[in-house]
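Reminder, nothing fancy here: chain letters follow the sequence lines and each chain counts from 1. If you're wondering where the values come from, they're calculated on a predicted model, not measured in any experiment.
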Amino acid sequence: MIRLEQVDKRYPNGHLALSGVDLVIRRGEFVFIVGPSGSGKSSLVRLLYREELPTAGEVFVDQFHVTRMRRSQVPRLRRQLGVVFQDVKLLPQRTVWHNVAFAMEVVGASSRDIAKRVPQVLELVGLGRRRDSFPHQLSGGEQQRVGIARALVNNPVYLIADEPTGNLDPDTAQDIIQLFLEINRRGATVIMATHARDLVNQVKRRVLAIDHGRIVRDELKGAYHEA
Amino acid sequence: MIRLEQVDKRYPNGHLALSGVDLVIRRGEFVFIVGPSGSGKSSLVRLLYREELPTAGEVFVDQFHVTRMRRSQVPRLRRQLGVVFQDVKLLPQRTVWHNVAFAMEVVGASSRDIAKRVPQVLELVGLGRRRDSFPHQLSGGEQQRVGIARALVNNPVYLIADEPTGNLDPDTAQDIIQLFLEINRRGATVIMATHARDLVNQVKRRVLAIDHGRIVRDELKGAYHEA
Amino acid sequence: MRPKTLWYFGRETGYGLWRNGWMTLASVSTVAISLFVLAFFIVLSVNLNHIATTLESEVEIRVFIHQKIPRQTELNLLKQAKGWPIVRKISFFTKSQAAHQLQSEFPDQKALLQLINQSNPLFDGYDVYAHHPSQIGVIARRFRRLPIVQSVVYEGLVAKRINRVTEVVRAVGWGIEALLALATLSIISNTIRLAVFARRREIGVMKLVGATDWFIRWPFVLEGTVLGLVGAAAADVAVNYGYRWAIRAAVAAMPFWPVAPLHLVLQHTIGVTVIMGLVIGGIGSLVAVRRFLHV
Amino acid sequence: MRPKTLWYFGRETGYGLWRNGWMTLASVSTVAISLFVLAFFIVLSVNLNHIATTLESEVEIRVFIHQKIPRQTELNLLKQAKGWPIVRKISFFTKSQAAHQLQSEFPDQKALLQLINQSNPLFDGYDVYAHHPSQIGVIARRFRRLPIVQSVVYEGLVAKRINRVTEVVRAVGWGIEALLALATLSIISNTIRLAVFARRREIGVMKLVGATDWFIRWPFVLEGTVLGLVGAAAADVAVNYGYRWAIRAAVAAMPFWPVAPLHLVLQHTIGVTVIMGLVIGGIGSLVAVRRFLHV
Ligand SMILES: Nc1ncnc2c1ncn2[C@@H]1O[C@H](COP(=O)(O)OP(=O)(O)OP(=O)(O)O)[C@@H](O)[C@H]1O
Ligand SMILES: Nc1ncnc2c1ncn2[C@@H]1O[C@H](COP(=O)(O)OP(=O)(O)OP(=O)(O)O)[C@@H](O)[C@H]1O
Ligand SMILES: [Mg+2]
Ligand SMILES: [Mg+2]
């Protein structure tokens, strides 16, 4: 379970990105976070994997008290999560295969498991043939899918995806959303910040709308725009 | 006028990204380039501003014979073009203002012109208040809009935008496309590689569909998908 | 650490060095060059030390024997004194040898020479060499106590001066080495910092994917260590060949000049360069990576 | 270049240095340290030269005068010889002074001393100092031609050895400086390369936005130059204070030791460091940027 209590986030330059955010996301939910550009979606998501700490309020992710945990515990938190970053964040000097495998090496998976699992997820995102390419040799959408594969590879309890389909054509985006729905059915919690109106309207799951750092709407079977 | 003649692009690793592309884009046109992820949209666009050279065929942009020009002439070509890159490409250590102003300094604009023009374009993309932020202090969509502002600031003859709305919410994306239509009305040629199906279908302009490196459709008042 | 992890770190290290080829080259060559400069001056200072020691050993005492002492007694004392541990070398000279020496020192003092040739007023005696200038006094006293010894002469001032000079030379040598070691240290650690700096984003991504600090640190530290070690090895190879050449050149140009032997030199330089390379390479990376781990 | 462009480059340079603060610091300090080491050894070699010169000047000729020549004639020659341009210094000694010297050199040769005291067999004469060892022969020949001169003595061997040693010391000094200059050169250029490497993507973006090569290069080159200059200045300040201290320490510890004066030292070091810093900083950046300009 993810819980945010009265969370404020003010960046060092004084910009208030989130204010008074109260939020509970239960295990197994599928949540869209929507809102205009610069409304605070990424800021919210970054609190969950503790890239940023809130300036006020508390954040809990399962047993982790994110706002109070020791620095040395952070890797344990992050291993519970699979994160697709808005800016992808691939390791530029490693191949597609290695980028995905790295996430497994980090958790100490065996070489055999890695050799078995990595091709599977690459196949899932349609990059089975590109395993030996380097990130700079991929198209924007291909890079994004490597990021998705990396997030999925450890079968995370929480999948946190920040604008994962921004560089994907509608058909590929559709494939990806079906993939997310599938792993959600198998028990994973999915949190997806997105601008993809069609996808949000199509799958009819919980929608959390943010504007100017405040949660302005929270509907269980919502749409991208207010009904 | 932009003209591609029998263009092939094979990357050094052997991947064939474009093959047999013949294409003419006249002054004042508004062209969408669509196609699945990895189909070759960015590869095509990169030939125009000579980030890449084709492995076969010829590329012409106005008076420039792109495939034959001397290296020292390349800056002159690029100054005719305003480019929005798929991966944004901001200068990380300069403010929003400076990132946009840089494009004007490059062409030798006077300080007065710069001081007048930069705030204008920042206002156009809705970032009038963020001029002193650094790229890493911006949201994904805000960064993308800085990239758009930079492409527009010199009133380019050709505006080449590679997936310029991937990180923008539908409303902001709508604003941007209206902006592009406006500068197109004023005489600029706009070439936009995109996955934004709604936008393409809405404005009904020329659509160029690519698949596996080949132009598979070229309609003057087209839609994202084949009719 | 499990063998699997070890293997992972080893592979990562090699990988990092390989993928950053160009940067690796710049760093290794900087390390090698600074270590070579350091080694070069260790070589110099070993040689200065060697010269100082040689100079010191030139400090001698001249012992004169009463006239009319039988040659046998004189030679007995010679034999005996050779056994004294503080005596490094002792050689006997007769009064006619002393006269010859005087003649060669004042070749144009004809009257003096005439006098010497007529009735040599000089004495038999010994040239005694000490191991160390501080022992000269002891040796002199010991000889003075013997009845057959007429007088003991030693050049106190020169000995003191030489002593002083060698002390200073040694001190300066140490000072230079310390300075250079410091310089090398900061150059190497700056280099490694710049190299790590160029990869700071990579470190950030690794952390966000769930890597522990140590998981990230180890390959960097190993990389730094390998870098330092390769640099050290390059420097040592250069010193080895360079010094062989220098010895040959020195012997040809100045046969009288005392040159420290190769093994003595290498012993010092290899020790210092390898330790510096290893330790600074490793610790430098450790410190450099730390800056970027707080993500 | 228009003033606007100049202003732009100046601003860009300052901006680059400021925004890359941490990297600028690492680079400047590396440059400063390497230049300081270089300067340090220039100081050493200037001093070695100074000692060599001093040693050479110690080379003297001893001229003996026939007995029974009137003192006035001897003093006339003294006065005359003082005017010869190849004579650096000349001093007169009487035969009793010579006897004294002999006595102090052989204090225990009592019979010898007795003889000298009874009827001094020695000569009056001059100690003559040359400007340079090569002039000794000329001076000796000139004295020998004079009728009142009985003989001319000079220690050819010692002079030759000292000459040889100073030559070698000078050569070694040059060698060391060349080596260090090379080392400094590559360290600085590596450092700048690493710094530019960390900003290669920036360069690529600038090019894609339409900047000409020179438009990108200039700020980098200026940055490199400023970096080199600041490093050189830091090194020179350190040398200045360090050497003042060293002079004081040397004078206290070894009053007899010849120390090169500060201005002589600074003259050399400032020239070399500033030129190296400027040129390598600038050229290093130029070369480093070139790698990344082909976009
Ligand atoms: N530098 C490169 N080296 C090798 N292959 C490349 C390189 N750049 C692109 N490719 C490959 O060429 C193909 C076309 O890439 P391109 O970037 O043009 O696709 P795209 O249509 O822009 O896709 P997207 O919508 O995902 O951005 C892709 O399969 C990609 O992997
Ligand atoms: N590091 C930072 N320092 C200062 N301000 C920041 C920082 N990161 C984000 N902001 C600001 O906080 C606000 C929220 O940013 P955030 O990235 O959360 O937006 P977002 O909803 O993800 O937008 P987008 O849809 O464009 O990605 C924005 O106005 C942004 O400029
Ligand atoms: Mg965002
Ligand atoms: Mg693309």
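Annotation for C:His268: atom NE2 does not count as buried by contact number, only 12 or fewer foreign heavy atoms lying within 6.0 Å. For CZ of A:Arg112, the number of neighbouring non-hydrogen atoms (other residues, nucleotides, ligands) closer than 6.0 Å is 12 at most.
With a threshold of 4.5 angstrom between heavy atoms, A:Arg76 does not approach chain C through any atom at all.
In this structure, the separation between CZ on C:Arg201 and CG on A:Asp87 is 10.0 Å, given to the nearest 0.5 Å. To the nearest 0.5 Å, atom CZ of residue A:Arg71 and atom CG of residue C:Asp213 are 4.5 Å apart. Summarising the geometry, atom CG belonging to C:Leu208 is positioned 4.5 Å from atom CZ belonging to A:Phe85; distances are rounded to the nearest 0.5 Å.
Put simply, the side chain of A:Arg78 never gets that close to the backbone of C:Ala211: no donor and acceptor are under 3.5 Å apart.
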Between A:Glu51 and C:Lys207, does the side-chain contact (heavy atoms from CB on, under 4.5 Å) criterion hold? Intermediate values first, please. CA-CA 9 Å; A:Glu51 186 177 352; C:Lys207 283 232 66 177; over 6 Å; no
Worked verdict on C:Glu202 versus A:Leu90 for side-chain contact (heavy atoms from CB on, under 4.5 Å): CA-CA 8 Å; C:Glu202 224 179 306; A:Leu90 299 180; over 6 Å; no
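Counting heavy atoms from C-beta outward, C:Thr212 and A:Arg79 have side chains that approach closer than 4.5 Å.
Of all the heavy atoms in A:Phe102 and C:Met206, the pair that sits closest is CZ-CG, 3.4 Å.
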